[in-house]
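Shown next, in structure tokens, is the structure this report addresses.
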Amino acid sequence: MKIRSGGHDYEGVSYVSDVPFFILDMFNFRSVNVSIENKTAWVQVGAILGEVYYRIAEKSNVHGFTAGVCPTVGVGGHFSGGGYGNMMQKYGLSVDNIIDAQIIDVNDRILDRASMGEDLFWAITGGGGSSFGVVLAYKIKLVRVPSRVTVFRSHKNLRGKLDEYRLQLPASCRQVA
């Protein structure tokens with residue numbers, strides 16, 4: 001069994017195997033329920049990051065979540081792999097801001113963090129390299145963000161400067177690079 005969470009798959013592991021398999025596609029599990037009062041949201045694994053950001057922004061312009069920059073990445077794969085993103089310097093990885101989860105185990109029980117225990121919770125939030133059940137949803141902690149952000153780009157041609165700096169590097173550094 002391969003579990004796909006609704007977004008795209010960078011490595012393609014949802015689609016290939018040396019043995020026959022079936023895909024459990026979670027793309028219909030995509031609700032995002034935001035509680036600004038509690039500064040949390042329950043996010044089902046079939047949602048994509050863009051939907052998470054959109055639902056948070058519908059309710060607040062000063063809350064966000066630390067996750068990736070590609071809006072079509074599925075939450076299930078992104079969170080279970082750690083969840084790198086632009087705000088991780090300040091707020092950590094996505095998994096550092098997951099406070100609860102719901103999983104169906106091999107015995108068909110739906111477990112939350114309290115009933116699954118900390119070892120399994122750690123494993124399904126970036127610590128494990130395998131499947132320990134089917135994760136249904138994650139409860140995330142929202143973080144405070146500025147209400148206005150300024151973004152700029154510099155289109156300055158640095159080619160000449162880069163060549164100048166490269167010539168100044170010692171031969172040993174050029175060899176390593």
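Here the structure is a predicted model, which is why all the values come from computation and not from measurement.
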Exceeds 12 heavy-atom contacts within 6.0 angstrom, atom [atom1] of [X]:
| X | atom1 | value |
| --- | --- | --- |
| I99 | CD1 | yes |
| Q89 | CD | no |
| D119 | CG | no |
| F29 | CZ | no |

Provide the closest heavy-atom pair for Y138 versus G76 in the form atom of the first, atom of the second, distance.
OH-O, 4.2 Å
Kindly indicate whether the side chain of L24, heavy atoms from C-beta on, has any atom under 4.5 Å from the side chain of M26.
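Side-chain contact under 4.5 Å: yes.
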Under 3.5 Å: donor-acceptor pair, side chain of [X], backbone of [Y]:
| X | Y | value |
| --- | --- | --- |
| S80 | G77 | yes |
| Q44 | S31 | yes |
| T66 | G92 | yes |
| H78 | G68 | yes |
| N97 | L93 | yes |
| Y91 | R144 | yes |

Please determine whether a side-chain nitrogen of the Lys or Arg among D100 and R113 lies less than 4.0 Å from a carboxylate oxygen of the Asp or Glu.
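Answer for the salt bridge query: no.
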Can V34 and H63 be said to form a side chain to side chain contact (heavy atoms under 4.5 Å, CB included), step by step?
CA-CA 10 Å; V34 177; H63 289 90; over 6 Å; no
